[in-house]
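As structure tokens, the structure follows; a few thoughts come after it.
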2 protein chains.
Amino acid sequence: MQSVAEPSDSPLTERQRDVLDAALGLLVEAGDTLTMTSVARRASCSKETLYKWFGDRDGLLTATVQWQASKVRGVTVKRDGLDLISLTSGLERFASDWLRVLSGKISVALNRIAVSHAGSDKRDLGAIVLENGPFAMARRLMPLLEVGREAGLLAFDDTEEAFRTFFGLVVRDVQIRLLLGDRFELTEVAIDGEARRATQQFFALYGAHTNGAG
Amino acid sequence: MQSVAEPSDSPLTERQRDVLDAALGLLVEAGDTLTMTSVARRASCSKETLYKWFGDRDGLLTATVQWQASKVRGVTVKRDGLDLISLTSGLERFASDWLRVLSGKISVALNRIAVSHAGSDKRDLGAIVLENGPFAMARRLMPLLEVGREAGLLAFDDTEEAFRTFFGLVVRDVQIRLLLGDRFELTEVAIDGEARRATQQFFALYGAHTNGAG
DNA sequence: CCAATGCCGTACCGTACGTTACGGTTCGGT
DNA sequence: ACCGAACCGTAACGTACGGTACGGCATTGG
């Protein structure tokens with residue numbers, strides 16, 4: 001076991017990013033059945049290089065998931081001049097963005113990989129996906145909710161509770177059905193409709209003009 | 001390829017059920033890394049018998065998932081004398097039962113297997129899990145919701161819409177976090193609390209005394 | 001022009017595991 | 001007592017794939 005450069009330590013070269021993109025494409029197409037040989041062929045590189053750069057198969061998978069995660073860093077929330085209209089549209093955009101990402105082939109493939117490797121004693125892909133999936137959404141959304149509360153538009157005690165309810169209203173059974181392979185038509189307009197409904201229901205539960213939660 | 005008795009065709013013998021129980025235990029412990037050899041050893045049977053009974057590894061997994069599914073057939077809904085109290089308690093029991101099953105080791109293991117095999121061109125475990133998971137819950141719950149509507153206690157247009165919202169309020173991010181390997185404390189009292197909250201929120205959205213949905 | 005380095009392509013190795021084959025044992029039927 | 005079926009235990013086979021070794025080429029620096 002020689003010392004291998006951790007992907008998080010050193011920034012990736014362009015060639016390495018190309019290799020990871022190739023791996024990502026194969027992950028989407030073939031899922032967990034992707035082989036080191038297929039990655040090498042797709043990326044037009046040698047297996048030796050794969051092992052030198054990423055250590056082993058698990059390292060390659062981890063680096064691929066992290067690479068995709070690094071591509072979808074979220075936008076931040078600006079706290080100024082928040083009224084009901086902008087809060088509503090902000091929540092709706094969050095919801096539709098989330099559904100769009102969630103139903104994308106890449107997200108489905110990565111979640112599948114992470115789920116099937118969960119509980120393994122090796123590097124934990126599940127933690128990475130959690131960190132860049134639900135937890136990232138929470139980090140982006142919870143400040144917005146609290147700003148809404150400070151502006152007197154929302155009423156709740158526990159921000160995380162409120163977030164998780166919003167999550168449930170938005171995602172419902174969509175993600176698990178996608179992961180389990182259910183054929184799923186989720187058009188752009190359907191996503192926008194879902195986002196509007198979820199936001200509306202969230203206001204019905206946590207809007208300041210109604211009774212608070214709990 | 002000789003003709004193999006499909007598990008759905010012929011009822012299982014007691015010995016076969018024992019074998020499948022052994023496979024189920026290994027599935028929970030080892031996940032998808034279970035080997036035919038390990039199942040044969042655990043079940044004290046020969047590999048030849050496994051192949052004769054179940055065809056191949058995939059057939060064994062499928063039979064195991066179906067066997068577990070057949071064990072958790074749900075209870076039916078009685079339509080008589082439904083008032084607000086019994087509807088509420090019915091929904092709460094549904095929710096708590098669902099969360100209890102969902103967070104169980106067997107459910108997590110089976111969903112992991114099904115997710116990691118989804119998209120394969122072989123027998124579709126995902127469809128089986130979907131059928132006996134979310135869809136089974138829908139089949140059990142939707143009649144109850146409609147009875148509640150007929151009794152003037154609930155107001156909604158689309159029963160499936162209402163069910164999926166209930167699903168979202170109950171499950172939220174619990175299942176995906178469990179599948180991704182997040183350590184999760186979900187005690188009995190916590191489950192009951194979650195069930196009460198979800199039911200309460202569902203009434204806030206779909207109760208007949210409030211505005212209907214959409 | 002000449003190392004030296006880095007990487008490609010490929011052949012190769014070791015192993016794990018699905019699958020098959022086979023001898024030995026139990027057991028119900030006649 | 002004999003037969004055949006079913007099954008156990010285990011050895012053996014075939015293969016796919018992770019991981020390694022090595023020869024050749026292209027680029028860089030001197």
Side-chain angles (χ1 to χ4, degrees), chain A residues 1-7 10-27 29-65 113 116-117 120-123 125, chain B residues 1-7 9-23 25-27 29-65 113 116-117 120-123 125:
Chain A
M1 175 166 298
Q2 73 275 18
S3 66
V4 173
E6 288 295 325
S10 58
L12 300 167
T13 69
E14 187 176 343
R15 181 82 179 106
Q16 285 170 330
R17 291 194 294 266
D18 289 344
V19 170
L20 292 183
D21 276 329
L24 197 57
L26 278 170
L27 219 55
E29 296 171 21
D32 210 355
T33 67
L34 107 167
T35 64
M36 299 299 281
T37 304
S38 70
V39 173
R41 189 168 44 230
R42 171 74 64 100
S44 293
C45 74
S46 70
K47 288 210 286 180
E48 185 182 25
T49 302
L50 291 183
Y51 284 102
K52 181 183 295 183
W53 285 349
F54 307 109
D56 56 5
R57 184 175 188 273
D58 216 61
L60 173 63
L61 290 180
T62 305
T64 304
V65 173
I113 286 283
S116 57
H117 282 215
S120 165
D121 47 354
K122 320 200 74 169
R123 270 165 279 193
L125 299 179
Chain B
M1 175 162 300
Q2 73 276 18
S3 67
V4 173
E6 289 294 325
D9 295 353
S10 58
L12 300 167
T13 68
E14 186 176 342
R15 181 78 180 106
Q16 284 170 332
R17 291 195 294 267
D18 289 344
V19 170
L20 292 183
D21 276 330
L26 277 170
L27 220 53
E29 296 172 19
D32 210 355
T33 68
L34 109 166
T35 64
M36 299 298 281
T37 303
S38 70
V39 174
R41 188 167 45 229
R42 171 75 63 99
S44 293
C45 74
S46 71
K47 290 210 275 181
E48 185 182 24
T49 301
L50 291 183
Y51 283 100
K52 180 185 294 183
W53 285 349
F54 307 109
D56 56 4
R57 185 176 188 272
D58 215 61
L60 174 64
L61 289 180
T62 304
T64 305
V65 173
I113 286 282
S116 57
H117 281 216
S120 166
D121 48 355
K122 322 198 73 171
R123 268 163 283 194
L125 299 180

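By convention in this document, chain letters (A, B, ...) are assigned in the order of the sequence lines, proteins followed by strands, and residues within each chain are numbered from 1.
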Closest listed nucleotide, where the reference is the side chain of A/Arg15 and the choices are C/dT19, C/dC8, D/dG19: C/dC8
Indicate yes or no: at least one non-hydrogen side-chain atom of B/His117 is less than 4.5 angstrom from one of B/Leu61. yes
Looking only at the side chain of B/Thr49 (C-beta and beyond, no hydrogens), which of the listed nucleotides D/dC7, D/dG19, C/dG9 gets closest? D/dC7
Compare the minimum distances between each of C/dG18, D/dC7, C/dC8 and the side chain of A/Ser46, then state the nucleotide with the smallest one. C/dC8
Between A/Arg57 (CZ) and D/dG19 (P), how many Å, whole number? 8 Å
Roughly how far, to the nearest 0.5 Å, is the NZ atom of A/Lys52 from the OG atom of A/Ser46? 8.0 Å
Taken to the nearest whole Å, CE/B/Met36 to P/D/dG9 is 15 Å
Can you check the A/Asp56 CG to D/dG18 P distance for me, whole Å? 11 Å
So what does A/Arg41 hit on the nucleic acid, given a heavy-atom distance under 4.0 Å: a base, only sugar-phosphate, or nothing? nothing
Is the shortest heavy-atom distance from the side chain of A/Leu60 to the side chain of A/Leu20 under 4.5 Å? yes
Starting at atom NZ of B/Lys52, determine the distance to atom P of C/dA21, rounded to an integer number of angstrom. 13 Å
Pairwise distance CD(A/Glu29) to CG(A/Leu24) - rounded to 0.5 angstrom: 10.0 Å
Salt bridge flag under 4.0 Å for residues B/Arg57 and B/Asp32: yes
How many whole angstroms separate atom CG of A/Leu61 from atom C1' of D/dC17? 14 Å
On DNA chain D, nearest-nucleotide positions of A/Leu34 versus A/Glu48: which is more 5'? A/Leu34
Please give, in whole Å, the distance from D/dT10 P to B/Leu50 CG? 15 Å
Rounded to whole angstrom units, what separation is found between the CD atom of A/Gln16 and the C1' atom of C/dG6? 12 Å
Does B/Lys47 contact D/dT10 through a side-chain donor or acceptor facing the base, at a distance under 3.5 Å? no
Can you tell me which nucleotide in D/dC7, D/dG18, D/dG19 comes closest to the side chain of A/Thr35? D/dG18
Can you see if the side chain of B/Trp53 gets near the phosphate of D/dA6 - specifically, an N or O under 4.0 Å from OP1 or OP2? no
Write down the distance between CG (A/Asp32) and C1' (D/dG18), rounded to a whole number of angstrom. 13 Å
